[in-house]
J.: 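Dropping a structure here in C-alpha cells format, bear with me for questions.
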Amino acid sequence: MRALEEKIQQEGKVLSDSVLKVDAFLNHQIDPQLMKEIGEEFAESFQGQKITKILSIESSGIAPAVMTGLVMNVPVIFARKRKSLTLSDNLYVSNVYSYTKNESNDISVSREFINHNDTVLIIDDFLANGQAAMGLIDIAKQSGAAIAGIGIVIEKGFQPGRKLIKEHGIRVESLANIASLQNGKVTFVEEVASK
Ligand code: 5GP
C-alpha cells in the first residue's frame, strides 16, 4: 500500500536491525485518514468472506481493526492483555510469548462476543515472530469460529511470523512488507524483488 510505505519512510524510525518505531502514526499518535485507507484496503482484500467479527489485540491493533470493522460494518473485539475487573470469568484465554520483552502473558476475550457461528478476520499492527497472531488464532479456534485470515499493517518479512501462520493453513495479507531494516534504512519486499 503506497501511502503506508511512504508514511513509514517519512515518519518511521529504525531503532535497530529488527525494530521499527511508528509512534508518529500508528502506535502512539494515530493518523485517522491513513487508518481509514487501511480499513478500506483490508475490507477489499477480504470481501466476500462472510466475515461477522474483527478480532484484534490491545492496544495498537485497535485503530486499524476499528476502521476495518467500520468499512465492513461488523463489530470489533480486542483481546485484553491484563485481566479487567469488569471482565467475567467466562473467557477464552491464550498464552502469548513476547520475544521483545522475553516474557509470556495471558490474553483474553469474553466468550460473550465470539462463537461457532462467527467468521473472524484477525487484524494486528505488526507481524514479527507471529506469537500475538497465534494467540488470536488460538482464541478464535477455542470459540469454534471460522478464521477468514489475518490482516497485518506492517509485516517484517525477515522474521518468521508468516511461515508459522501459513503452516496452520491461514491466509495472511500485509499492507507493507519490510525486507530489511539494516543500516538504519527501511527496504520493502517489492524493492528487493525488483532489483
Ligand atoms: P510477534 O513477534 O508476536 O509477531 O509481534 C508481537 C507484537 O510485537 C506486535 O503486535 C507488535 O505490537 C510488536 N512488535 C513486533 N515487532 C515490532 C516492531 O518492529 N515495532 C513495533 N512498534 N512493534 C513491534
Side-chain angles (χ1 to χ4, degrees), residues 1 4-31 34-35 38-39 42 54-69 76-82 92-109 120-141 147 149-189 192:
M1 182 180 163
L4 174 62
E5 290 182 357
E6 283 172 9
K7 196 77 169 177
I8 291 169
Q9 292 292 14
Q10 286 158 9
E11 298 184 22
K13 294 192 174 112
V14 177
L15 292 192
S16 69
D17 283 357
S18 62
V19 179
L20 175 70
K21 187 169 172 171
V22 289
D23 278 10
F25 60 92
L26 180 59
N27 288 159
H28 193 16
Q29 173 169 260
I30 292 169
D31 180 335
L34 182 65
M35 290 308 124
I38 284 170
F42 282 138
I54 309 287
L55 176 62
S56 188
I57 180 163
E58 68 177 355
S59 55
S60 296
I62 296 176
V66 166
M67 289 304 188
T68 309
V76 178
I77 301 128
F78 61 88
R80 284 181 156 154
K81 290 179 177 165
R82 282 160 295 275
Y92 304 115
V93 180
S94 188
N95 194 261
V96 172
Y97 176 72
S98 164
Y99 284 94
T100 37
K101 293 181 192 148
N102 190 24
E103 62 182 28
S104 291
N105 281 302
D106 281 346
I107 62 167
S108 56
V109 168
V120 299
L121 170 61
I122 294 170
I123 299 278
D124 202 7
D125 61 339
F126 270 89
L127 179 62
N129 291 294
Q131 297 300 306
M134 287 308 301
L136 293 171
I137 290 168
D138 181 27
I139 282 180
K141 286 192 169 164
I147 302 170
I150 305 203
I152 295 290
V153 180
I154 304 172
E155 174 178 354
K156 290 184 293 180
F158 56 90
Q159 291 183 306
R162 175 181 288 265
K163 187 169 175 282
L164 183 66
I165 295 164
K166 297 294 283 182
E167 278 168 6
H168 287 76
I170 293 168
R171 177 180 165 200
V172 185
E173 296 291 339
S174 60
L175 302 184
N177 193 348
I178 294 174
S180 157
L181 291 173
Q182 280 170 12
N183 306 316
K185 190 175 164 289
V186 181
T187 309
F188 295 104
V189 166
V192 175

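Bear in mind the structure is a predicted one, so any value in this text is a computation, not a measurement. In each ligand, atom 1 is the first atom listed, and ligand 1 is the first ligand listed.
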J.: Look only at the side chain of K166 and the backbone of R171, and say whether a donor-acceptor pair between them is shorter than 3.5 Å.
T.: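 Here the side-chain-to-backbone pair does not exist.
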J.: Looking at ligand 1, is there an atom of it that comes within less than 4.0 Å of some heavy atom belonging to G130?
T.: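 Checking ligand 1 against G130, which is what was asked, there is a heavy-atom contact under 4.0 Å.
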J.: What part of S60, side chain from CB on, backbone N/CA/C/O, both or neither, has a heavy atom under 4.0 Å from ligand 1?
T.: neither
J.: Checking a contact table here: which protein heavy atom is nearest atom 8 (O) of ligand 1, and how many Å away?
T.: T100 OG1, 4.8 Å
J.: Does atom 18 (C) of ligand 1 have a protein non-hydrogen atom under 4.0 Å from it?
T.: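 Yes, at least one protein heavy atom sits under 4.0 Å from atom 18 (C) of ligand 1.
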J.: Please state which protein non-hydrogen atom is closest to atom 16 (N) of ligand 1 and give its distance, to 0.1 Å?
T.: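 The closest one turns out to be K156 NZ, 2.8 Å.
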J.: With no hydrogens and no angle check, is any side-chain donor or acceptor of Q29 less than 3.5 Å from a backbone partner on A24?
T.: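 Present.
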J.: Kindly indicate whether the side chain of I178, heavy atoms from C-beta on, has any atom under 4.5 Å from the side chain of L20.
T.: yes
J.: Taking the side chain as every heavy atom from C-beta outward, state whether I54 and I77 have any pair of such atoms under 4.5 Å apart.
T.: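 A side-chain contact under 4.5 Å is absent here.
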J.: Counting only heavy atoms closer than 4.0 Å, does ligand 1 sit against the backbone of V22, its side chain, both, or neither?
T.: neither
J.: Could you tell me, atom by atom, which parts of ligand 1 come under 4.0 Å of a heavy atom of V19?
T.: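 Once the distances to V19 are compared, the set is 19 (O).
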J.: How close do L181 and S18 get, counting heavy atoms only, and between which atoms?
T.: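 So the two residues come closest at CD1-C, 3.6 Å.
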J.: Purely on distance, is any nitrogen or oxygen of N27 under 3.5 Å from one on ligand 1?
T.: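 Between N27 and ligand 1 (N or O atoms, distance only) the closest approach is under 3.5 Å.
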J.: Mind checking whether D124 has an N or O less than 3.5 Å away from an N or O of ligand 1?
T.: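 So ligand 1 has an N or O lying under 3.5 Å from an N or O of D124.
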J.: Can you report which non-hydrogen protein atom sits closest to atom 2 (O) of ligand 1, along with the distance?
T.: N129 N, 2.8 Å
J.: Among N105, N102, N129, find the residue that satisfies the side chain to side chain donor-acceptor pair (under 3.5 Å) test when tested with Y97.
T.: N102
J.: Quick one: does S108's side chain have a donor or acceptor within less than 3.5 Å of a partner on Y92's backbone?
T.: no
J.: Which pair of heavy atoms, one from S56 and one from A65, lies closest together, and at what distance?
T.: CB-CB, 3.6 Å
J.: Within the 4.0 Å heavy-atom shell around A128, which atoms of ligand 1 are there?
T.: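 Near A128, meaning under 4.0 Å from one of its heavy atoms, ligand 1 has 1 (P), 2 (O), 4 (O), 5 (O), 15 (C), 16 (N).
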J.: Please check whether Y97 reaches ligand 1 - meaning an N/O of the residue sits under 3.5 Å from an N/O of the ligand, judged on distance alone.
T.: no
J.: Strictly less than 4.0 Å: does any protein heavy-atom distance to atom 23 (N) of ligand 1 fall in that range?
T.: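 Yes, because at least one protein heavy atom sits under 4.0 Å from atom 23 (N) of ligand 1.
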J.: Show me which atoms of ligand 1 lie under 4.0 Å from any heavy atom of S18.
T.: 19 (O)
J.: Take E5 and K7, measure what salt bridge (Lys or Arg N to Asp or Glu O under 4.0 Å) needs, and give me the verdict at the end.
T.: CA-CA 5 Å; E5 290 182 357; K7 196 77 169 177; over 6 Å; no
J.: Specify the protein heavy atom at minimum distance from atom 7 (C) of ligand 1: its residue, its atom name, and the distance to 0.1 Å.
T.: A132 CB, 4.5 Å
J.: Can you name the one residue among V76, D124, I123, L136 that meets side chain to side chain contact (heavy atoms under 4.5 Å, CB included) with L55?
T.: L136
J.: Under the 3.5 angstrom rule, does the side chain of S174 hit a backbone N or O of N177 as a donor-acceptor pair?
T.: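 Between the backbone of N177 and the side chain of S174 there is no qualifying donor-acceptor contact (under 3.5 Å).
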J.: Between E155 (side chain only) and A176 (backbone N and O only), is there a donor and an acceptor less than 3.5 Å apart?
T.: no
J.: Which of the atoms in ligand 1, numbered in the order shown and given with their element, are less than 4.0 Å from a heavy-atom of Q131?
T.: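 By the 4.0 Å cutoff, the relevant atoms are 1 (P), 3 (O), 4 (O).
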J.: Just need the protein heavy atom nearest to atom 14 (N) of ligand 1, so name the residue and atom and give the distance.
T.: F126 CB, 3.9 Å
J.: If you measure every N or O of L127 against every N or O of ligand 1, does any of those distances drop under 3.5 Å?
T.: no
J.: For atom 20 (N) of ligand 1, find the nearest protein heavy atom and state the residue, atom name and distance (0.1 Å precision).
T.: L20 O, 2.6 Å
J.: Report the part of Q159 (side chain from C-beta onward, or backbone N, CA, C, O) that has a heavy atom under 4.0 Å from ligand 1; answer both or neither where that applies.
T.: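 Neither; nothing of Q159 gets under 4.0 Å from ligand 1.
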